[in-house]
Amino acid sequence: MKLENKVAVVTGAASGMGKAIAELYAKEGAKVLVADFNIEGAEQVVQTIQERGGEATAFKVDVSSKEQVEQMIDQVISEFGKLDILVNNAGIMDKFEPVADVTDESWEKIFSVNTNSVLYGMRKAINYWLEKDMPGVIVNTISTGGLNGAHAGAAYGASKHAVVGLTKNSAFMYAQKNIRINGIAPGAIQTNISNSLTNINEFGISRAGMAHALTPRMGESDEVAAAALFLASDEASFVNGIVMPVDGGWTAAF
Ligand SMILES: NC(=O)C1=CN([C@@H]2O[C@H](COP(=O)(O)OP(=O)(O)OC[C@H]3O[C@@H](n4cnc5c(N)ncnc54)[C@H](O)[C@@H]3O)[C@@H](O)[C@H]2O)C=CC1
Ligand SMILES: CC(=O)C(C)=O
């Protein structure tokens, strides 16, 4: 039990990697707030966790709303008595638009869900840990697109690069406060994220597709959850400020 007596929040936990992370954390002993704007999906994850003997509660949140993210942190503390681990995982794809085709509306939407949400959650959780003088762990699901040029469109790549900066800056700033902050950079993972991909930018996908063609294989959500467990556990006590690729060797190529 690597997370015994720990309390975690996982955003975007109704599907894909967030679901796998929430289920694995609960299996390893954590009490988990399963947060997502798909509340029915979140409730199903909670039911699965409870059937396996774990403890979890569903919470409806739109992570692009500062107020709702702050309420989410308040909720986990009132529900389970404290917060130890925050996983900022919820995210959305763009439509592979290169910068010449990015609309203001799409840029703002991608940044509000993929980047601003991470600031809101980190700020609230870190202030709580500082006030209580207690340790804390943050794991941000970023992307190989946060480290490399064109794994999706300009807005998605920029939104994830920004989270790399937020992760590294904050890890160094709070390193002596017993707060660890790391990121995961999944490569191409089999999830539901591409279900909403319609009207894909043809030029954008023709360029990003060349990078995707080098992916050795699609990864599974469980393979990413294993990395999220390591980073959240005490086994990673001296691991702080990294962004760990979990991509089967994809980005070793470039
Ligand atoms: N699937 C992939 O190939 C990769 C995905 N990622 C990142 O991994 C993270 C998880 O994505 P997946 O598991 O692939 O996707 P998914 O689509 O299977 O799951 C994402 C979850 O986030 C939730 N969500 C989306 N917007 C939300 C919002 N505004 N508020 C609350 N919840 C919201 C969705 O309802 C969904 O349950 C994302 O940050 C994504 O950018 C990174 C690298 C590769
Ligand atoms: C969706 C995404 O981040 C990649 C790397 O495919």
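Remember, it's 1-based here, ligands and their atoms both numbered in the order they're listed. Just so it is clear, the model here is predicted, and its values are computed rather than measured.
In terms of polar-atom proximity, defined here as any N/O pair under 3.5 Å, T191 does make such a contact with ligand 1. Checked by distance only, ligand 1 and I189 come closer than 3.5 Å through their nitrogen or oxygen atoms. Of the N or O atoms in V63, one or more lie within a sub-3.5 Å distance of an N or O in ligand 1. In terms of polar-atom proximity, defined here as any N/O pair under 3.5 Å, W250 makes no such contact with ligand 2.
Summary of contacts: the protein heavy atom closest to atom 31 (C) of ligand 1 is V61 O, 3.1 Å. Closest protein heavy atom to atom 4 (C) of ligand 2: S143 OG, 4.0 Å. Looking only at protein heavy atoms, the nearest one to atom 29 (N) of ligand 1 is D62 OD1, 3.0 Å. Shortest contact from atom 11 (O) of ligand 1 to any protein heavy atom: I193 CD1, 3.9 Å. Ranking protein heavy atoms by distance to atom 2 (C) of ligand 2, first place goes to Y156 OH, 3.5 Å. Nearest protein heavy-atom contact of atom 37 (O) of ligand 1 is D36 OD2, 2.6 Å. At the shortest separation from atom 26 (N) of ligand 1 among protein heavy atoms lies F37 CZ, 3.6 Å. Scanning the protein for heavy atoms near atom 16 (P) of ligand 1, the closest one is S15 OG, 3.5 Å. Taking atom 4 (C) of ligand 1 as the reference point, the nearest protein heavy-atom neighbour is M17 CE, 3.5 Å. Scanning the protein for heavy atoms near atom 1 (C) of ligand 2, the closest one is M93 SD, 3.2 Å.
Ring-plane geometry between W250 and H151 is classed as parallel, the angle between the planes falling under 30 degrees on a 0 to 90 degree scale with a further cut at 60.
Of all atoms in ligand 2, numbered sequentially from 1 with element shown, those under 4.0 Å from a heavy atom of T144 are 5 (C). Using a 4.0 Å cut-off to heavy atoms of H212, the atoms of ligand 2 that qualify are 6 (O).
Under a 4.0 Å N-O distance rule, the pair K2/D234 does not qualify as a salt bridge. The pair E223-R217 counts as a salt bridge, with a side-chain nitrogen and a carboxylate oxygen less than 4.0 angstrom apart.
If you look at Q190 next to ligand 1, there are no close heavy atoms at all, none under 4.0 Å. Counting heavy atoms closer than 4.0 Å to ligand 1, residue I142 contributes backbone atoms (N, CA, C, O) but none from C-beta onward.
At least one donor-acceptor pair under 3.5 Å links the side chain of N114 to the backbone N or O of I92.
At least one heavy atom of A188 sits under 4.0 Å from some atom of ligand 1.
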